[in-house]
2 protein chains.
Amino acid sequence: MKKGQITIHDIARHLSLDSSTISRALNDSPRVTAKTKEKVRKVASELGYRPNLMATGLRTQRSKTIGVIVPWISRHFFSSAISGIEQVVYKEGYHVIICQSHDNYKREVSNTFALFDNRVEGVLASVAMDTTKFDHLTQIKDENIPIVFFDRYPPGVSACRVVIDDFKAAYQVTEHLISQGHRRIAHFSGPRNLNIYRDRFDGYKKALKDHNLVMDPTMVFESRLLPDDGIEGIKYLLSLPDLPDALFCSNDLTALSAMQYLQKDGSFSVPDDMAIAGFSNSPSTSIIKPGLTTVDQSGEEIGKAAAKRLIAEIRGETDRGMNEVITIDTQLIVRGSSCRK
Amino acid sequence: MKKGQITIHDIARHLSLDSSTISRALNDSPRVTAKTKEKVRKVASELGYRPNLMATGLRTQRSKTIGVIVPWISRHFFSSAISGIEQVVYKEGYHVIICQSHDNYKREVSNTFALFDNRVEGVLASVAMDTTKFDHLTQIKDENIPIVFFDRYPPGVSACRVVIDDFKAAYQVTEHLISQGHRRIAHFSGPRNLNIYRDRFDGYKKALKDHNLVMDPTMVFESRLLPDDGIEGIKYLLSLPDLPDALFCSNDLTALSAMQYLQKDGSFSVPDDMAIAGFSNSPSTSIIKPGLTTVDQSGEEIGKAAAKRLIAEIRGETDRGMNEVITIDTQLIVRGSSCRK
DNA sequence: CATGTAAATACAATCGATTGTATTTGAGCT
DNA sequence: AGCTCAAATACAATCGATTGTATTTACATG
């Protein structure tokens, strides 16, 4: 019953050595003979010794843990990003504590504190839609915990971020729609307090302007971009006196649901009656017919870049600027949903 | 620079009290006056005190952490399961360390040790395709760390598991295909060392048998069920002298890629030339045209059930049997891909 | 053989919180 | 005032590992 875990003291007892020698032996310190190290390692593996990371972390003040906050784990972009993060930090001997905010401010705050309580050595975060106050994030910085944002970042928090050029990508999408002959281009936007949706909106506007089209604010529908919002949005557009001939959605989720809604009774054709484009290149976009034009944004690559940068900051190798912006390339993926036959 | 974290000792100094009193005050012990508790809480929040979970964990031997091992975070089923897990454990004051095995045995082993090193209080695992030895998992059990498997479980490890009835679900799918008039039903199977693929295969065979159809082993294609395997599988089937008239795939990934391959030049019609069914009800199955018949298997529900059960075991509330099998309901989702017009 | 010196190892404090035991405080009573 | 007794708080050990300092060991040298 008294089945405690094996500690360095147990090894020490077996070898009539002091626990400090065991510790040094296991950490390959030059202060211990090769012969002793050998003996220690042998006994350690015989006893099935495994270090207690809580003890090590407490003593060394390094938890070997990094915290990740994302809105939704199960969104393809974020789970890919986490996958990328995990691959990078795993190699460096770190592990990852994952929290999801459900796009909710209060949960994001409590996640942030939970990560701090665990004394994570760094944080990777993509902020929630609801987040408009950022004290919890600045506090993390103030505690000297490096934080790197990816995809969604808060204004005014001085930190590095890994992003894509949302403005440019949205510009390209819009320009592509224009090049296909569309003139009345609608837009589904997300909450403008988030950089990504603001930038995508701005890119859309700029493209229209550069091609001498006037942006019609009645054709811009703002929502939280959940699947149902796509349906609500397309219903709204269909109720307009002058129908748009194209639609650029700020994410794939709404593009897909809007497109399915349009196609469901066969009376409406995509792209002939309305061209559609989305954003993120999530798996379903290549499966829907016609394929959904979208922007490829590799979650995995973004996650990897953010993790690498964070580890560099943890190590104090911040050679590049403190608030560096790392931009990952995107690619416009043109598929049938936007192409005039 | 010397910006150490705030500890209970700092609070103690501020109030000329002992740190033990602070600890008891913050833990609402009856041994401290209400008045003192009030003062302690006030100073604690003024100083921005946050408990160090490594210290607490070391002392109490309870890390408030549970470990999760999945093959791939970014697979919809698993990210949904993680989402469910996270929701449950979060409420109980636990957090989650996530590892992915990439369906690789060695990584799964090293993940397992990493979780042990962190002294997780419990483990939720879905084993890798490559895993045929299970010592690492039995060791965890032997260390008295509760482990609950979900979806994929190893044979011979005595532990609770949360699963679906793969046999029954596969039987239903096959029977449905038969009811649609299909007689030559092919099957894409996964590695048979995994319960889920073995059971799905068995359910398929039993349904055929019960309907007086003979299973033709040349129509069973075994692979690791990645998208490319679906293409390879369908090419193989197309090369057979007698084409199958239906195909039941052990996962959606291969069903989708096979279906897209068949449809790509328009010469082949699904379901008329070949009916197809998949397994898992991943998002794309409702987007492809025709919709893919599949089995709904709620990752979130499975994750929640597994997490609840694990927490019960951690708490020692194992009223139900030690090796209980919790079966989550599935639902056959019939869509166009399998229905005779 | 005594001694100096470097190598090898032991001792002890520490990280931050918890907890069993010991001590102090103060109210109530004679 | 002296005393009791319970309430409130202080003391000190502990969790497992690390690390600066002290001590022992062993070998070489005069």
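Side-chain atoms are counted along with the backbone in the values below, which use heavy atoms only and exclude waters and symmetry mates. Per chain, numbering begins at 1; letters A, B, ... match sequence-line order. Because the structure is predicted, anything quoted here is derived from the model rather than measured.
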Applying salt bridge (charged side-chain N to carboxylate O under 4.0 Å, His left out), name anything that partners [X], two or more places apart in sequence or on another chain.
{"X": "A/R24", "value": "none"}
{"X": "A/E46", "value": "A/K42"}
{"X": "A/D117", "value": "B/R50"}

Task: Touch class at under 4.0 angstrom, heavy-atom based, for A/S23 against every strand present - done: base
Open item on the list: Counting the atoms with a prime plus P, OP1 and OP2 as sugar-phosphate, which does B/S29 contact under 4.0 Å by heavy atoms, base, sugar-phosphate, or nothing?
Closed with: nothing
Task: First of B/K39 and B/R119 reached from the 5' end of DNA chain D, by closest nucleotide - done: B/K39
TODO: Give every residue pair that meets the ring pair (Phe, Tyr, Trp, His ring centres under 6.0 Å) criterion with at least one member in residues 98-136 of chain A, sequence neighbours excluded.
DONE: A/W72-A/H102, A/Y105-A/H136
Distance-only donor-acceptor pairs under 3.5 Å for side chains of residues 73-81 of chain B, two or more places apart:
from, atom 1, to, atom 2, distance (Å)
B/S79, OG, B/R75, O, 3.4
B/S79, OG, B/H76, O, 3.3
B/S80, OG, B/H76, O, 2.7

Open item on the list: Could you work out, with side chain to side chain donor-acceptor pair (under 3.5 Å) as the rule, every residue matching B/R315, not counting sequence neighbours?
Closed with: B/E92
TODO: Go through the structure and list residues passing side chain to side chain donor-acceptor pair (under 3.5 Å) with B/H95, not counting sequence neighbours.
DONE: A/N118, B/T65
Open item on the list: Among residues at least two apart in sequence or on other chains, which ones pass side chain to side chain contact (heavy atoms under 4.5 Å, CB included) with B/E301?
Closed with: B/S298, B/I328
- [ ] Specify the residues of residues 13-20 of chain A, ordered by number, for which at least one heavy atom lies under 4.0 angstrom from an atom of DNA chain C.
- [x] A/S16, A/L17, A/D18, A/S20
Could you pull out all donor-acceptor pairs under 3.5 Å where a side-chain atom in residues 28-35 of chain B meets a protein atom, sequence neighbours excluded?
from, atom 1, to, atom 2, distance (Å)
B/D28, OD1, B/K37, NZ, 3.0
B/S29, OG, B/R31, N, 3.0
B/T33, OG1, B/T36, OG1, 3.4

Open item on the list: Tell me which residues in residues 53-60 of chain B lie within less than 4.0 Å of DNA chain D, going by non-hydrogen atoms.
Closed with: B/L58, B/R59
Task: Main-chain N/O of B/P71 paired with B/D103 side-chain donor or acceptor, under 3.5 Å - done: no
Open item on the list: Using a 4.0 Å cut-off to any heavy atom of chain B, which nucleotides of DNA chain C are the first and last in contact, reading 5' to 3'?
Closed with: C/dG16 to C/dA22
